[in-house]
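Below is one structure, written out as structure tokens; the observations come after it.
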Amino acid sequence: MDHPVASSQLTDSLVKRLAGPSTGKAGLAKDQTEINRIIAEASKGSKFYENEKKKDKDLTERIARILKLRDEAIEGVDLAKIEHHVDKLIVDLESERDLSQVIVHFDMDAFFANVELLHDPTLKGKPFSVGGGVISTASYEARKYGVRSGMPSFIAKKLCPELILLRSHYEWYNEESNKVFTILRRYDPRLSAAGCDEGYLNITPYLRKHNLAPDECVEEIRRTVHAETSLTVSAGIAPNMMLAKICSDKNKPNGQFHLAFDSKTIVEFMGDLSIRKVPGIGRVNERLLESVGVKTCGDVYTHRAVLYLMDKQFGLRFLLRTYLGIASNEVKPYERNERKSIGAERTFSPLSSTKDMLDKLEEVAAELESDMESSGWTGRTVTLKFKLDTFQIFTRAKSLNHWVNKKEELFAVGKELLFPELPISIRLIGLRVTKLKDLKASTSEGIKRFFGPAQQAASGGKRKASDVDDDDEDASIDQEEQENDDDVMPGFHEQDEADIDPSQHDVDDDEGLQIIPPPANTRKRPPNSVPDKSISHPPTLRSRSKSAGPSRSHGAAIAGPSATSSTPSETHTCPVCNEVLSTNNTGLNEHIDYCLSRDAIQQAQGTSTKVNKTLSSGDTTKEYAMNGLKRLKLRPDAPAKSKRKG
DNA sequence: GCGGATCAC
DNA sequence: TATGGTGATCCGC
């Protein structure tokens with residue numbers, strides 16, 4: 001295929017994509033075009049760039065399909081009639097509007113950067129950033145140059161050569177974060193954290209009790225935070241969480257914005273607002289909506305007929321509620337039992353040797369065990385994630401009949417999931433466990449059962465948080481939460497309890513919420529180029545339909561006699577020696593470990609060792625072999641090329 | 001139940 | 001000179 005020299009081949013959408021997701025957040029630099037050009041220039045030709053280019057192309061094609069759908073849908077229909085119908089729907093939605101609660105969204109200004117400032121005041125007024133290879137937060141001075149969170153440091157340096165790059169100090173951020181949350185809980189003990197630097201309050205009861213106006217109260221909150229931490233915070237005041245969040249951005253930094261609590265003002269406010277500002281609308285959905293003429297929330301109304309006809313892809317109700325500025329106002333603290341998964345992953349310079357990958361996998365498994373242990377979880381499904389050196393991401397999962405949280409088993413399942421993919425070159429590997437069981441839940445079991453039904457009733461009916469006032473049942477719930485606080489140990493990632501899902505604002509009860517589902521499987525190419533595991537597995541073991549046909553070629557061909565076992569239902573190909581084995585997964589793993597250790601020894605000693613096919617014992621042998629591996633210095637394998645899809 | 005995709009922080 | 005980590009959700013199989 002021809003390679004149109006990349007120069008001048010840059011589409012607007014690609015340039016914008018390369019600029020990253022956080023452009024258009026705050027502090028628009030003057031010359032965003034020039035900045036984007038520099039970023040694109042610096043990215044050009046990299047693997048990352050190529051991957052972004054492909055994603056951009058896929059999205060463009062997806063848009064073309066959507067437009068075709070739309071054209072077919074509107075053909076010969078009476079749009080005016082549909083509009084009238086939607087208008088009735090809007091009236092229904094409007095009747096749901098609840099203006100009774102005063103919700104505040106607070107957002108710490110350039111949080112990491114300002115905490116660094118506390119520890120080194122000489123940074124004041126200088127452009128600096130926090131983070132490692134990728135920037136977490138940029139000071140406002142740095143933002144003027146176009147430096148953004150999520151941007152790789154080397155590009156940031158191009159944009160701002162004087163940029164000072166600081167390493168992260170998570171302990172510091174956690175410490176300040178805890179201080180801030182502690183202050184804010186004085187105003188609403190049911191504070192809902194959304195990360196370590198932002199969250200929601202329902203200050204309605206507090207206002208009543210102290211006879212305060214919302215603005216006064218929020219000014220006082222911000223003043224107090226600043227007085228006690230020297231950090232500045234911005235805030236939005238509105239009748240629901242979505243609006244409050246949008247408002248907190250209005251007068252950032254160190255400001256607040258109060259949206260009037262009346263329907264007309266709110267709809268006008270939303271009218272001019274870029275749809276991208278709506279929580280849940282990211283870059284992809286922004287482009288999809290733009291393609292049908294929706295750039296602002298007000299455009300939702302203009303195009304309501306088309307959106308109605310394409311409800312399946314766009315989610316009409318969600319968009320109408322957005323247009324109306326209607327969303328949830330139920331502020332509640334995170335509860336342990338809401339957790340769905342726990343995982344660990346790591347990025348590194350691309351690896352392709354099996355041993356190197358297993359070393360990384362083992363590290364990740366150890367980290368995950370540690371996290372699961374300290375936070376008290378176990379689970380039944382293990383998901384392996386890996387990112388090719390092409391930046392394509394894949395996951396492979398396996399559900400078990402028992403609970404896992406130990407490193408050895410996490411590692412073993414990870415290996416099992418990884419091996420069938422093997423000839424690959426990866427830059428990231430991760431493990432995640434789902435279908436969790438709470439190992440710390442036992443004590444509160446009785447309490448939970450007692451209050452369980454009441455909670456259900458409350459959430460089932462759409463409870464207007466108006467009964468948040470003073471009540472007694474909340475006290476007992478608070479007790480449970482305090483238990484939770486206890487087990488949030490200041491581990492590496494303190495985020496733990498801070499993982500409320502912001503997209504829930506909109507979800508509320510009804511709502512199909514997923515705005516624009518992607519089209520049916522955009523053919524993903526499984527990464528592995530080896531056909532080997534063509535042979536059958538236990539039913540549930542993956543048998544992905546590969547782009548290439550049911551490759552019976554390679555693996556089967558090599559099928560040396562090996563063990564003469566009978567049951568063909570369980571055969572595997574060793575990714576190291578390519579031998580086909582009749583054995584179960586455990587046996588395969590043992591064999592592989594053995595092969596690896598043999599390779600390692602040979603490579604290190606330059607001697608050839610006789611292979612013993614019948615593996616002796618299990619665990620001890622494995623342990624020993626792996627330990628041996630770690631001590632030996634191995635010649636790095638020649639990178640196996642992982643081929644890219646055409 | 002699995003895998004991809006999108007999103008948020 | 002090499003583009004992060006954690007967690008959630010939804011959809012289509």
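Chain A is the first sequence line, chain B the second, and so forth, proteins listed ahead of strands; every chain is numbered from 1.
Mapping A:Lys435 and A:Gly282 onto DNA chain B by nearest heavy atom places A:Lys435 closer to the 5' end of the strand. Residue order along DNA chain B, read from the 5' end via each residue's closest nucleotide, puts A:Leu59 first among A:Leu59 and A:Asp197. For the pair A:Met151 and A:Lys385, nearest-nucleotide mapping onto DNA chain C gives the more 5' position to A:Met151.
Residue A:Phe386 contributes atom CZ, which lies 17 Å from atom P of C:dG5 at whole-angstrom precision. When the P atom of C:dA8 is taken as reference, atom CD of A:Glu338 falls 9 Å away, rounded to whole Å. Regarding A:Arg287, its CZ atom lies at a distance of 16 Å from the C1' atom of B:dA5, rounded to whole Å. To the nearest angstrom, C1' of C:dA8 lies 15 Å from CG of A:Asn337. One interatomic measurement links the two molecules: NZ of A:Lys55 to P of B:dC7, which rounds to 11 Å at whole-angstrom precision. A:Lys53 places its NZ atom 17 Å from the P atom of C:dT3, with the value rounded to the nearest Å. Protein atom CD1 of A:Ile275 is 12 Å distant from nucleotide atom P of B:dC7, rounded to whole Å. Atom CD in A:Glu61 sits about 13 Å away from atom P in B:dA5, given to the nearest Å.
Between A:Ser341 and C:dA8, a side-chain N or O to OP1/OP2 separation shorter than 4.0 Å is present. The phosphate of C:dG5 (OP1 or OP2) has no side-chain N or O of A:Arg346 nearer than 4.0 angstrom. The phosphate of B:dC7 (OP1 or OP2) has a side-chain N or O of A:Asn285 nearer than 4.0 angstrom. For A:Arg339, no side-chain nitrogen or oxygen approaches OP1 or OP2 of C:dT6 to under 4.0 Å. Contact check, A:Thr395 against B:dG4: a side-chain N or O comes under 4.0 Å of OP1 or OP2. Listed pair A:Thr347 / C:dG5 meets the phosphate criterion, a side-chain N or O lying under 4.0 Å from OP1 or OP2. For B:dA5, the OP1/OP2 oxygens have no side-chain nitrogen or oxygen of A:Arg62 closer than 4.0 Å.
When all heavy atoms of A:Leu361 and A:Gly414 are compared, the closest pair comes out as CD2-C, 3.6 Å. Smallest separation of non-hydrogen atoms from A:Val404 and A:Thr378: O-OG1, 3.0 Å.
Residue contacts for A:Arg432: at a heavy-atom cut-off of 4.0 Å it reaches a base atom on one of the strands shown. Using a 4.0 Å heavy-atom criterion, one finds that A:Ile135 contacts no nucleic acid atom at all.
Closest approach to the A:Ala397 side chain among B:dC9, C:dA8, B:dC2 is made by B:dC2 (side chain taken as heavy atoms from C-beta onward). With C:dT3, C:dG5, C:dG4 as the choices, the nucleotide that has an atom nearest any side-chain atom of A:Glu345 turns out to be C:dG5. When distances are taken from the side chain of A:Ser399 to each of C:dG4, B:dG1, B:dG4, the shortest belongs to B:dG1. Comparing C:dT6, C:dG5, B:dC9 by their closest approach to the side chain of A:Glu198 singles out B:dC9. Comparing atom distances between the A:Val134 side chain and each of C:dT3, B:dG3, B:dC7 picks out C:dT3 as nearest. For A:Ser46, counting side-chain heavy atoms from C-beta on, the closest listed nucleotide (B:dA8, C:dT3, B:dC7) is C:dT3. Residue A:Arg396 places its side chain closer to B:dG4 than to any other of B:dT6, B:dG4, C:dG7.
Between C:dG4 and B:dC7, the distance separating the two C1' atoms is 15 Å to the nearest Å.
For the pair A:Lys415 and A:Phe419, the cation-pi criterion (under 6.0 Å, within 45° of the ring axis) is not fulfilled.
Using a 4.0 Å cut-off between a side-chain N of Lys or Arg and a carboxylate O of Asp or Glu, A:Asp58 and A:Lys53 do not qualify as a salt bridge.
A:Phe348 is linked by a ring-ring contact (aromatic ring centres under 6.0 Å, His included) to nothing, counting only residues two or more places apart in sequence or in another chain. Shown here are the salt bridge (charged side-chain N to carboxylate O under 4.0 Å, His left out) partners of A:Glu345, two or more places apart in sequence or in another chain: A:Lys385.
The aromatic rings of A:His169 and A:Tyr173 lie perpendicular to each other, with more than 60° between the two planes, well past the 30° mark.
Evaluation of atom-type donor-acceptor distances gives a pair under 3.5 Å for the side chain of A:Ser43 against the base of C:dT3.
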